[in-house]
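For the numbers below, each heavy atom of this structure counts, side chains included, while hydrogens, waters and symmetry mates do not.
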Amino acid sequence: MADLGPDHTYELKLIFLRELAAGYGPAKTAYDQLRASGNLDKPQLDILRRFFHKLAGTAAAADLSMLGKLAGACETAAEAMIAGKFSLGRYAMQILGDGLTAVAGVLDGKTRSDPTKAAPPPATPPVRIAEGAPRILVVDDDAFGTQLAERVLSAAGFDVRSCLDSTLALQAMRDRAPDLVLLDVDMPKMDGFEVCSAMRKDPALHLIPIVFLTHHGDVERRVRGLTMGGSDYVQKPFDAGELVARVRSHLERAGEYRELTIRDGLTRCYTTEYFKARLDQELARAKRYKNKLVLGLLDIDGFKRINDSYGHAAGDAVLSRLSLLITNSLRASDVVARYAGDEFAFLLLEAEGPDAMAACNRLRETVVRTAFELPETLGGGLRVTTTVSIGLTAYREGDSAHDFLLRADGSLFEAKQQGRNRVLLAP
């Protein structure tokens, strides 16, 4: 296990024992029912399979590697019986019984590595996560395995959250978009492959890298996961250094690819497609958490005149410089996109109407004072000036994306009608 500090290791072992105790009762009941009936009862076998599956993937991290190996053999036996490849005979029941006996021994304090025998070590200060650190979401129904992954990745400087219920994972991603998802394969209700498939069909989630977590090393599962859109596999019990290295590698690749696909080539602002996806996400957050949100649409006044007088290369130069003025005038957390032609759209997060008006008027005044240099191909030394009109609207409860955009567009139209070079907020 990774060196997470004595207090963290101690706490993880306690979590492991609590999870082991919680799963042992249902597993022992399932085993007793199988033994009493003598029938190949697949639901009861699946209870045992899932219990030993979790144990096989996490026992080594709690310094119980032999127990983990025995659990892996028990899981394999249960899987074979469920698939009809192994009969429910005395030998099969002995394998499962030996596994449960070993678990009972751990719970009875018969192993030297039982952490409850020693006093807890002194606490160490929590890991400080830097603002803007990459966001990782761990989706795994195994609380101990999830805690272990959280500790390892947090110690490496990542901002880590977890979700123990796979059916809630997609909503968790929409509420707080992660940069990478660690996804367990074998989960009840909705397995990792189903979560992966749903992510790849969702425009707001389809670019997020997925690293599968499983203690299965067979080629069939790996091929299936990669075919469905997974980025990689990490096998349980994982090596901390390998996990961190793989996560960093995929985050770096994803960042490079994501920037290529969601940025406009000329202005380097976000594309319309990405902006619409973010708009849906931010509206969902505003509805769910009562967040403040302002939408703005900006249009260059008389842009056609620049294109007609100096050519499209001049128009492109103005758009490129204007995009810098917009992004420099707003906050790093705000979302700016080239919406269409000479029109820009932006979302001001956690902002109210008066604050948005003040920021946009500062931007408007900056544009008025700016002389836009045209390309050298036009003779050099040529500069043009222009103005912008901006329409704003604040989020109202119940707004759809269509309502929000329509109201901002109405404000922009009114700003144009009133003489341009102004900022208007929808009443």
Side-chain angles (χ1 to χ4, degrees), residues 131-132 175-177 204 262-264 267-303 318-319 321-370 386-427:
E131 185 177 351
D175 289 344
R176 185 178 184 270
I262 66 175
R263 295 283 184 180
D264 173 61
T267 64
R268 304 309 299 159
C269 293
Y270 290 117
T271 62
T272 304
E273 292 76 14
Y274 176 80
F275 183 81
K276 288 180 177 178
R278 279 295 301 272
L279 176 59
D280 289 337
Q281 285 182 345
E282 298 304 333
L283 282 174
R285 291 192 184 99
K287 291 172 185 176
R288 190 179 182 91
Y289 302 111
K290 310 300 181 185
N291 291 349
K292 299 178 179 66
L293 184 65
V294 173
L295 168 65
L297 293 178
L298 177 151
D299 187 76
I300 301 175
D301 299 325
F303 185 70
V318 171
L319 288 171
R321 177 68 191 284
L322 177 62
S323 68
L324 289 175
L325 297 181
I326 296 171
T327 53
N328 289 339
S329 297
L330 303 180
R331 301 165 299 178
S333 59
D334 296 329
V335 183
V336 181
R338 183 184 180 187
Y339 200 63
D342 63 321
E343 189 173 1
F344 291 81
F346 46 86
L347 288 171
L348 306 180
L349 310 184
E350 289 298 329
E352 297 189 82
D355 296 328
M357 282 286 292
C360 288
N361 267 312
R362 287 194 296 270
L363 166 61
R364 180 188 60 77
E365 291 166 2
T366 298
V367 174
V368 170
R369 296 193 301 268
T370 299
T386 189
T387 59
V388 295
S389 299
I390 302 174
L392 299 172
T393 185
Y395 169 74
R396 300 173 187 173
E397 188 172 355
D399 268 346
S400 66
H402 176 75
D403 297 333
F404 211 27
L405 285 165
L406 191 63
R407 206 162 54 245
D409 192 55
S411 295
L412 176 59
F413 178 80
E414 188 63 28
K416 292 278 193 181
Q417 290 294 104
Q418 290 186 19
R420 303 175 180 174
N421 188 27
R422 65 193 64 223
V423 181
L424 288 183
L425 175 67

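Remark: Lys416 pairs with Asp299, Asp301 by the side chain to side chain donor-acceptor pair (under 3.5 Å) rule, at least two apart or across chains. In this structure Tyr270 satisfies the ring pair (Phe, Tyr, Trp, His ring centres under 6.0 Å) test together with Tyr274, sequence neighbours excluded.
With hydrogens and angles ignored, the 3.5 Å screen pairs a side-chain donor or acceptor of Arg338 with a backbone N or O of Gly341. Using a distance-only test at 3.5 Å, with no hydrogens or angles considered, no donor-acceptor pair links the side chain of Ser329 to the main chain of Leu363. A donor-acceptor contact shorter than 3.5 Å is absent between the side chain of Thr271 and the backbone of Asp264.
Here the closest heavy-atom approach between residue Gly391 and residue Ser411 is recorded as CA-CB, 3.6 Å. For Thr327 against Leu324, the heavy-atom pair with the smallest separation is OG1-O, 3.2 Å. Across all non-hydrogen atoms, the minimal contact from Leu425 to Ala394 is CD1-N, 4.2 Å. Counting all heavy atoms, side chain and backbone alike, Gly302 lies closest to Arg420 at N-NH1, 4.3 Å. Summarising the geometry of Val294 relative to Phe404, their closest heavy-atom pair is C-CZ, 4.3 Å, with the distance given to 0.1 Å. For the residue pair Arg268 and Arg263, the shortest heavy atom distance occurs at O-NH1, 2.9 Å.
Other residues, nucleotides and ligands contribute only 12 or fewer heavy atoms inside 6.0 Å of the CZ atom of Phe413.
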Could you pull out all donor-acceptor pairs under 3.5 Å where a side-chain atom in residues 344-361 meets a protein atom, sequence neighbours excluded?
from	atom 1	to	atom 2	distance (Å)
Asn361	OD1	Arg364	NE	3.1
Asn361	ND2	Met357	O	3.3

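Side-chain contact check for Val388 versus Ile326: every heavy-atom pair is 4.5 Å or farther apart. For the pair Asp403 and Arg396, the minimum side-chain heavy-atom distance is 4.5 Å or more. You'll find the side chain of Leu279 reaches within 4.5 Å of the side chain of Leu405, heavy atoms only. Contact annotation: the side chain of Leu298 approaches that of Leu322 to within less than 4.5 Å [non-hydrogen atoms, C-beta and beyond]. Side-chain contact between Ile300 and Leu319: present, with at least one pair of heavy atoms (C-beta onward) separated by less than 4.5 Å.
The distance from atom CD1 of Ile390 to atom CZ of Arg422, rounded to the nearest 0.5 Å, is 12.5 Å. Rounding to the nearest 0.5 Å places CG of Leu295 at 11.0 Å from CG of Leu406. Residue Lys290 holds its NZ atom at 4.0 Å from CD of Glu397, rounded to the nearest 0.5 Å. Between the CG atom of Asp399 and the OG1 atom of Thr393 there is a distance of 6.5 Å, given to the nearest 0.5 Å.
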Could you walk me through whether Glu365 and Arg362 satisfy the salt bridge (charged side-chain N to carboxylate O under 4.0 Å, His left out) test, starting with their C-alpha distance in whole Å, then the side-chain angles of each, then the deciding distance to 0.1 Å, before giving a yes or no? CA-CA 5 Å; Glu365 291 166 2; Arg362 287 194 296 270; over 6 Å; no
Tell me, with the steps shown, if Val336 and Cys269 meet side-chain contact (heavy atoms from CB on, under 4.5 Å). CA-CA 6 Å; Val336 181; Cys269 293; 3.9 Å; yes
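Checked by atom type, the side-chain pair Tyr395/Asn291 shows no donor-acceptor distance below 3.5 Å.
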